[in-house]
Q: 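Let me begin by handing over the structure; questions about it come next.
For reference, positions follow the sequence shown, starting with 1. No hydrogens, no waters, no symmetry mates; every other heavy atom, side chains included, goes into these values.
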Amino acid sequence: VDARLGVKVAVEKLEDEKRTRATEMTKEKEDNARRLAEERALEMVRKQDLIRQLKAIEAVPISEVEKYDPTTTAGQGLLEEMSLAELREQLSVAKRRQEQATKDKRHEIVTAKQKREELLISKAANITRIRDMANSQAAQRRVKTKSDQVSAAATAKRGREDKMLVLHDRLETKHELYKEEQLRLAAEEKAIRFEQTKQAAS
């Protein structure tokens, strides 16, 4: 009787251990499944954030820069199908392209401004040369003039010519400065829009 009782106890103990092990394995599987689902969800969030940053960079209008489709990549397919590492590399490439385009545009603006300044200087020098020439010619006319009437007329003419040249000089300078200011304001507005877009993307 004691032997049979011992066997029964041992069997029950073994069954309890099996049930306990089965319960532990089920819980372990559930924990693993839940953890895997959480990791996949987190990865999806990260991927969507990277894709959003890529699309935000592409949305900034920069001329003379090679465009690319923000939803696909050559030989790689949809961005949503790429891994996090591939998306990070795509974002890095896009940022480098954006930075280079911005640098090129800034250089273009500076070069254009320098050319405008050189043109203004050249025009001012030309106006001075014309004024000097007019003064010289007027002086020669005064030397050759024998009568006070002719001399007075020549002097009046020279005065009118000087005023016209000065007025022309002022108008030209104001016009060029206005154009330069408009270009500068447009460049600043564009830079502000770019920074706002980049901040919104971040």
Q: Could you give the distance from CD (Glu180) to NZ (Lys113), rounded to the nearest 0.5 Å?
A: 5.5 Å
Q: Could Glu188 and Arg184 be called an ion pair, given the rule that one side-chain N must be under 4.0 Å from one carboxylate O?
A: yes
Q: Indicate yes or no for a side-chain donor-acceptor contact from Ser122 to the backbone of Glu118 under 3.5 Å, with no hydrogens or angles considered.
A: no
Q: Are there over 12 heavy-atom neighbours, none belonging to Arg19, within less than 6.0 Å of that residue's CZ?
A: yes
Q: Which atom pair, heavy atoms only, marks the closest approach of Arg129 to Asn126?
A: NH2-OD1, 2.6 Å
Q: Applying side chain to side chain donor-acceptor pair (under 3.5 Å) between Asp31 and each of Lys29, Arg35, Arg34, report the one that passes.
A: Arg34
Q: Under 4.0 Å between a side-chain nitrogen and a carboxylate oxygen: does that hold for Arg193 and Glu189?
A: yes
Q: Would you compute the distance between atom OG1 of Thr20 and atom CG of Asp16 and round it to the nearest 0.5 angstrom?
A: 6.0 Å
Q: Taking atom types as modelled and ignoring hydrogens, do the side chains of Arg96 and Ser92 form a donor-acceptor contact shorter than 3.5 angstrom?
A: yes
Q: Could you go through Ile130 and Leu165, starting from their C-alpha distance and side-chain angles, then the distance that decides it, and tell me whether this counts as side-chain contact (heavy atoms from CB on, under 4.5 Å)?
A: CA-CA 8 Å; Ile130 293 174; Leu165 287 170; 3.7 Å; yes
Q: Ignoring hydrogens and geometry, is there a side-chain-to-backbone donor-acceptor pair from Thr102 to Gln98 under 3.5 Å?
A: yes
Q: Under a 4.5 Å cut-off applied to non-hydrogen side-chain atoms, are Asp104 and Glu108 in contact?
A: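 Not touching, per the 4.5 Å side-chain cut-off.
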Q: Quick one: pull up CD in Glu176 and CG in Leu171 and give me the separation to the nearest 0.5 Å.
A: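 Taking CD in Glu176 and CG in Leu171, the distance rounds to 12.0 Å.
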Q: Under 3.5 Å, side chain of Asp49 to main-chain N/O of Val45, donor-acceptor pair present?
A: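 Flag not set: sc Asp49 to bb Val45 has no pair under 3.5 Å.
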Q: State, with a plain yes or no, whether a side-chain heavy atom of His168 is found less than 4.5 Å away from one of Ile127.
A: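 Yes. Closest side-chain heavy atoms under 4.5 Å.
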Q: Are Arg158 and Asn135 close enough, and set up right, to give a side-chain contact (heavy atoms from CB on, under 4.5 Å), and what steps lead you there?
A: CA-CA 7 Å; Arg158 179 175 58 83; Asn135 291 337; 4.1 Å; yes
Q: Show, in sequence, the C-alpha distance, side-chain angles and deciding distance for Glu24 and Lys27, and conclude whether the side-chain contact (heavy atoms from CB on, under 4.5 Å) test is met.
A: CA-CA 5 Å; Glu24 292 175 352; Lys27 186 177 183 302; 5.8 Å; no
Q: Are side-chain heavy atoms of Leu87 and Arg46 found at a separation under 4.5 Å?
A: no
Q: Decide yes or no for Lys123 and Leu119: does some side-chain heavy atom of the first lie under 4.5 Å from some side-chain heavy atom of the second?
A: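 Yes; the side chains approach each other to less than 4.5 Å.
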Q: Just how far is it from atom OG1 of Thr26 to atom CZ of Arg21, taken to the nearest 0.5 Å?
A: 10.0 Å
Q: Applying side-chain contact (heavy atoms from CB on, under 4.5 Å) to Glu39 and Glu43, what does each step give before you reach the verdict?
A: CA-CA 6 Å; Glu39 290 175 355; Glu43 181 177 357; over 6 Å; no
Q: Glu161 and side chain to side chain contact (heavy atoms under 4.5 Å, CB included): which single residue from Lys157, Met164, Lys163 fits?
A: Lys157
